[in-house]
Amino acid sequence: QVTLVESGGGALQAGGSLRLSCEVFGRTFSNYAVSWFRQGPRNERDFVAGISRSGGRTSYADSVKGRFTISRNSALNAVSLQMNSLEPEDTAVYYCAARFTLDSSDHSIDTSPSPYNNWGQGTQVTVSS
């Protein structure tokens with residue numbers, strides 16, 4: 001198990017940018033694939049972006065492609081989500097999630113919440129029009 005701590009949420013107007021950060025505490029960072037999910041008014045936890053344990057592969061939801069960028073910093077044990085051109089539809093609580101794997105050849109990124117057994121507390125992002 002690891003502890004995930006998100007930061008960087010806030011309220012802003014449409015067209016602005018935010019950078020979310022997820023710090024990973026407790027275990028070997030390189031053994032975890034990390035993704036961001038968000039939960040909006042429909043109360044469903046939707047995949048936003050993910051990065052493989054090596055950092056060599058990324059995946060994005062269609063709704064954020066070209067606007068959001070996920071990256072990981074092994075020196076800081078952190079994963080960031082740079083969000084540009086934000087829209088009111090991006091308003092949600094954003095959660096960081098980590099999935100453990102010892103397989104160094106595992107570059108998969110799960111887009112469903114169920115394989116992730118480590119979650120942060122969430123950070124609110126509110127975008128007004």
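None of the values given here were measured: they were computed from a predicted structure.
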S.K.: Are T101 and D103 linked by a side-chain donor-acceptor pair shorter than 3.5 Å?
M.R.: no
S.K.: Testing the 3.5 Å rule here: is there a donor-acceptor pair between the side chains of S114 and S112?
M.R.: yes
S.K.: When you compare the side chain of Q121 with that of E6, does any pair of heavy atoms fall below 4.5 Å?
M.R.: yes
S.K.: Taking atom CZ of R67 as the centre, does the number of heavy atoms from other residues, nucleotides or ligands within less than 6.0 Å exceed 12?
M.R.: yes
S.K.: Is the Lys NZ or Arg CZ of R38 less than 6.0 Å from the centre of Y95's six-membered ring, within 45° of the axis?
M.R.: no
S.K.: Between R19 (side chain only) and Q82 (backbone N and O only), is there a donor and an acceptor less than 3.5 Å apart?
M.R.: no
S.K.: Applying ring-ring contact (aromatic ring centres under 6.0 Å, His included), can you list everything that pairs with Y32, at least two apart in sequence or on another chain?
M.R.: F100
S.K.: Calculate, to the nearest 0.5 Å, the distance between atoms CD1 and OG belonging to I70 and S35 respectively.
M.R.: 6.0 Å
S.K.: Taking the ring centre of each residue, are W36 and F68 less than 6.0 Å apart?
M.R.: no
S.K.: Just checking, any donor-acceptor pair under 3.5 angstrom between side chains of R99 and S108?
M.R.: yes
S.K.: Should the heavy atoms of other residues, nucleotides or ligands under 6.0 Å from CD of Q13 be counted, would the total exceed 12?
M.R.: no
S.K.: Determine, using ring centers only, whether Y60 and F47 are less than 6.0 Å apart.
M.R.: no
S.K.: Verify whether one side chain among E23 and S21 offers a donor that lies under 3.5 Å from an acceptor in the other.
M.R.: no
S.K.: Taking the hydrophobic residues Ile, Leu, Val, Met, Phe, Trp and Tyr, and joining any pair whose side-chain heavy atoms are under 4.5 Å apart, which ones share a cluster with F25?
M.R.: V5
S.K.: Should F29 and V79 count as side-chain neighbours, where that means a heavy-atom distance under 4.5 Å?
M.R.: yes
S.K.: Begin from the C-alpha positions of T91 and E89 and carry the test side chain to side chain donor-acceptor pair (under 3.5 Å) through to its verdict.
M.R.: CA-CA 5 Å; T91 294; E89 292 74 21; over 6 Å; no
